[in-house]
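By convention in this document, chain letters (A, B, ...) are assigned in the order of the sequence lines, proteins followed by strands, and residues within each chain are numbered from 1. Note that these values count all heavy atoms, side chains included, but never hydrogens, waters or copies made by symmetry. Everything quoted here is computed from the prediction, not taken from an experiment.
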Amino acid sequence: MLKRLGRRWNELWHGARLDREAQEELTHHLELEVAERVRAGVDPSNARRQTRLELGDVQEVRERLREGRAGFWLDSLFKDLAYAWRMWVAYPLLTGTAIFSLALGMGANTAVFSVMNALLFESAPVRDPRTLVAIYSTSSANPGWHQTSFKNYEDLRDAMSFGLAAFAAIPAGLSTAGNQPEQVPTEIVSGNYFELLGVHAAVGRMFAFTAAEDKGTDKHPDVVISDALWKRRFGRRTNVMNQTVELNARPFNIVGVAPPGFVGLDVMRATEVWVPSSSSSVLTGVNGFYFRNRSIGMFDVVARTTADVRPSRVQSMLQAQASRLAKAFPQDNKGLSFVTRPFWQSRMNPAQRDKWVRAGGLLAVVVGLVLLIACANVANLLLSRSASRGREVAVRLAIGATRRHLVRQLLVESLLLSCAGAVVGLSVAWGALQLLTSLRPAFVPPSFHAQIDWTTLLFTGGVAFVIGLLFGLVPALQASRVDVVDGLKSGEVAQQRVARADFSLALLVAQSTLATAALILAGLFVRSLGYAQEIHPGFDPDRVAIVSFDLGMLRYDNTKGPAFVRQVNERMKAIPEVVSSAVASHVLLDGAGLASKIKLAGREDAEALSVEAGAVGLDYFRTMGISVVAGRSFQESDAVSEFGWAVVNQTMAEQLWSGRDAVGQRFQVVGIKEPYFVVGVVTDAQYDTLGEPRRPYFYIYYDQTPGLKKLTLHVLTTGDPRLVLPTIQREIQAADPNLPLINVRTMSEVLMKAMWVPRTGAALLILFGAMALILAVIGTYGVTAFFVTQRRREIGIRVALGATPANILFPVMRRTFMPALVGVGLGLAVSYVGARLVESLLIGVSPTDAKSFGSAVVVLLVAAGAASTLPALSAMRLDPARVLRRD
Amino acid sequence: MAAEKLDLLILKTLALDPLHGYGIGKRIEQQSKGVFRVTLGSLYPALQRLEKDGLIDAEWRSSDNNRRARYYRITAAGKRRLATEIEDWERVSAAVTRILKAT
């Protein structure tokens with residue numbers, strides 16, 4: 001056994017010597033045989049000839065012996081690599097173009113993969129993520145994946161055999177030692193949160209409370225902070241334990257610091273403070289909403305199942321609980337059921353995630369297209385080059401190389417090209433990721449690092465390997481099919497040329513098809529963007545400045561709150577550039593409003609309707625430019641009333657009281673005892689996202705719901721709102737110097753942000769469309785140039801014989817422009833059919849929009865036309881005499 | 001001739017004396033009365049194979065006419081394999097003979 005290893009080792013290192021020895025041995029054997037025949041009386045030269053015929057050829061056997069030795073493969077590989085390198089040096093322009101094309105394609109793919117991977121597939125640093133399951137609430141009236149109410153969560157937790165934890169994001173301002181509070185992403189979590197997830201404190205300890213303690217008892221104001229916060233606010237000092245901080249002006253005790261990689265379970269949120277639910281009542285303005293109402297879901301729930309429990313069993317257990325809860329609380333839990341999702345799929349809101357998956361899929365397809373075009377390019381370039389290598393191949397075949405070896409060597413060349421492209425592409429991708437991290441557009445998670453991790457490298461390597469084979473195989477097979485005799489004579493044979501030409505044509509068609517599709521897609525998104533910019537949001541954003549603040553941060557109770565608001569409004573009125581001002585609980589197009597379920601008076605048994613709502617102050621509609629079409633807006637006297645007053649939008653009026661006058665009608669909000677009466681009707685607006693369909697919405701009066709502490713002041717100005725912002729800020733701070741102002745901006749900026757999907761989409765697709773076009777043009781130009789070079793003798797002769805430019809151009813164009821034409825046609829067809837898939841991402845544009853299709857076609861035809869005629873034109877300017885003499 | 005049978009013959013030849021490649025080929029030719037003629041392309045790959053499997057050993061020695069030659073000899077493992085192969089062959093050929101002789 002050892003001997004065997006020793007042998008192999010010997011073969012690896014001394015292969016050349018062993019080969020020489022074999023040569024010696026074989027030759028010796030032949031000599032001995034010849035000597036014997038001569039002794040027997042045969043003529044020496046005859047003896048030699050006979051021996052060779054009977055015993056065989058030394059070189060052949062020597063080759064076979066070589067193959068049998070260890071290290072043969074590696075040796076051949078090195079030789080092939082050296083050969084490939086020499087080829088590169090011999091054709092630098094071609095190599096450069098090929099690597100450039102590949103780098104472009106691979107860089108784009110790597111970047112997209114890296115971002116999508118981080119967004120959609122990254123797991124969190126918790127114990128055993130595979131046994132974690134996310135639980136969502138849903139109902140027949142309100143389908144989809146929704147958060148669960150804390151009361152439902154508690155009942156579920158008590159009933160299930162495996163552990164459940166809950167968490168919810170809350171707005172909070174953190175201040176230390178009496179400094180100004182800073183807004184930090186904060187989460188309220190159930191007492192067993194860290195224990196369930198298996199996250200241990202890096203410093204100090206995690207809080208861990210039993211279920212009984214979960215009920216807001218105020219007794220344990222302990223918090224855990226994140227590593228980032230520890231670094232930023234406390235300089236990583238270890239004396240941070242048991243230090244007091246103020247969250248929303250209430251004191252809390254730091255008990256521990258989370259490990260550096262842990263920032264909560266939601267990938268779009270880098271949580272910095274975790275507050276146990278048992279202390280939640282300490283956080284003002286949060287309690288009722290988050291804990292008391294069974295019908296309003298505010299918590300994400302995660303469950304730790306064990307490996308042996310099957311998902312179907314979990315589902316049926318949850319179903320049983322859902323039915324039980326629905327029966328026990330028919331009003332709040334009507335039609336309730338629970339649905340689960342594997343943990344890795346629920347690191348962001350499922351509806352959002354599905355949108356992301358679709359967008360990511362589209363992006364992947366587009367960059368895939370770009371890469372395919374790059375591959376077609378390179379394949380074509382390699383094919384063209386094989387035309388001039390026919391002689392070389394014939395020579396190699398003649399001296400004994402097998403066709404298999406030849407194909408293998410050519411494949412090594414291609415793989416080397418694709419690897420080089422991958423390496424350059426990686427640097428391109430890395431640069432793009434750095435840019436992305438520094439710009440931090442809205443879709444990038446806050447904890448995203450621009451890094452190329454192992455998964456990405458593996459992906460890039462795999463892609464490089466596959467495309468190396470893809471674009472290298474056919475040219476390699478083509479090149480090796482050289483007939484030796486003909487090859488030695490003239491470099492290649494007629495049928496070969498035709499076969500190569502056919503494949504090259506096919507590649508050109510493919511390129512044009514893909515480029516057309518990419519350009520059409522880009523065109524659609526650009527038009528979509530244009531349309532998005534034209535959508536009227538239903539309010540007038542141009543002269544509205546907005547400033548948000550959270551009264552909950554500073555102990556404002558239900559009387560101080562409205563009083564403060566009134567004071568601020570007075571100060572606003574005093575500013576000459578201000579026309580009107582009002583507070584509101586939500587900013588339109590910047591996140592969803594209050595989710596509520598309503599029922600009509602006298603129809604308590606019917607299904608509750610889900611309607612969104614927002615709380616607004618006086619003058620809101622005037623400030624926002626929303627017209628009142630019936631009844632009136634709110635007035636001060638509305639504050640003191642036992643009833644609730646509401647202003648509904650036109651869609652709600654139509655849906656609930658069609659035909660009748662909505663003013664004066666009554667409805668009931670589930671969970672609120674007092675009925676609401678409609679005092680006015682306003683025009684519709686866009687509430688959550690730009691381009692959403694019409695939906696019902698109603699406004700309630702802020703002064704009637706002073707429990708809402710997170711408010712935004714909207715100010716209508718006479719001129720540019722940005723110029724007035726500093727004054728507005730100053731006045732608010734004069735009213736209360738300690739109140740931190742969050743998000744000081746204008747309504748126009750909010751609108752801009754709402755458009756980032758169509759904007760980013762258009763930008764990216766234009767970029768990739770341009771890349772596709774460039775690659776297609778390079779490809780066509782390269783092929784045409786080689787084609788023309790092949791025929792320079794012919795062109796020279798024809799020019800000498802008096803051919804006109806048209807005579808020369810037509811054959812060339814037929815060869816290279818026709819495929820482009822065919823490709824464009826195919827591209828149109830493919831896009832027409834495939835455009836339906838992106839319909840959901842377009843705003844206001846039909847997926848078969850004529851302008852987009854038309855402009856893409858024109859651009860491509862012009863580019864292809866230029867690329868296919870320019871080389872021919874330059875060839876015609878050559879002196880025919882020189883050209884003919886050269887060959 | 002089939003590669004496995006050649007392996008067997010080589011082992012048997014070397015069981016008697018160590019020999020170089022030419023010698024092995026000549027011995028097989030002589031002992032089979034000219035029925036088997038061994039070519040370079042069948043002999044040397046077989047020798048490489050047998051050496052790889054550890055059934056024979058080789059070393060360079062200076063031969064009769066003062067040239068050096070590579071001499072092969074059988075190993076203990078080779079002897080064991082030879083015995084097994086001979087046994088198999090005798091069993092198989094006896095069976096075939098029986099069938100062919102049946103009328």
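- When B/Thr39, B/Leu43, B/Leu40 are compared by the number of non-hydrogen pairs under 4.5 Å with chain A, B/Leu40 comes out ahead.
- With 3.5 Å as the limit, one finds no donor-acceptor pair spanning the side chains of A/Gln59 and A/Glu63.
- The aromatic rings of B/His20 and B/Tyr71 are tilted relative to each other, their planes meeting at an angle between 30° and 60°.
- Sparse packing is recorded around NZ of B/Lys12, with 12 or fewer heavy atoms of other residues, nucleotides or ligands lying under 6.0 Å away.
- For chain A, the nearby part of B/Lys26 is the side chain; its heavy atoms alone come within less than 4.5 Å.
- Heavy-atom distances place no part of A/Glu60 under 4.5 Å from chain B, backbone and side chain included.
- Using a cut-off of 4.0 Å between Lys/Arg side-chain N and Asp/Glu carboxylate O, A/Glu21 and A/Arg17 are scored as salt-bridged.
- Among A/Glu33, A/Glu54, A/Arg62, the residue with the largest count of heavy-atom pairs under 4.5 Å with chain B is A/Glu33.
- Heavy-atom pairs under 4.5 Å with chain A peak, among B/Arg49, B/Lys52, B/Arg70, at B/Lys52.
- A donor-acceptor pair is defined here as one N or O able to donate and one able to accept, closer than 3.5 Å; no such pair exists between the side chain of B/Ser62 and the backbone of B/Arg67.
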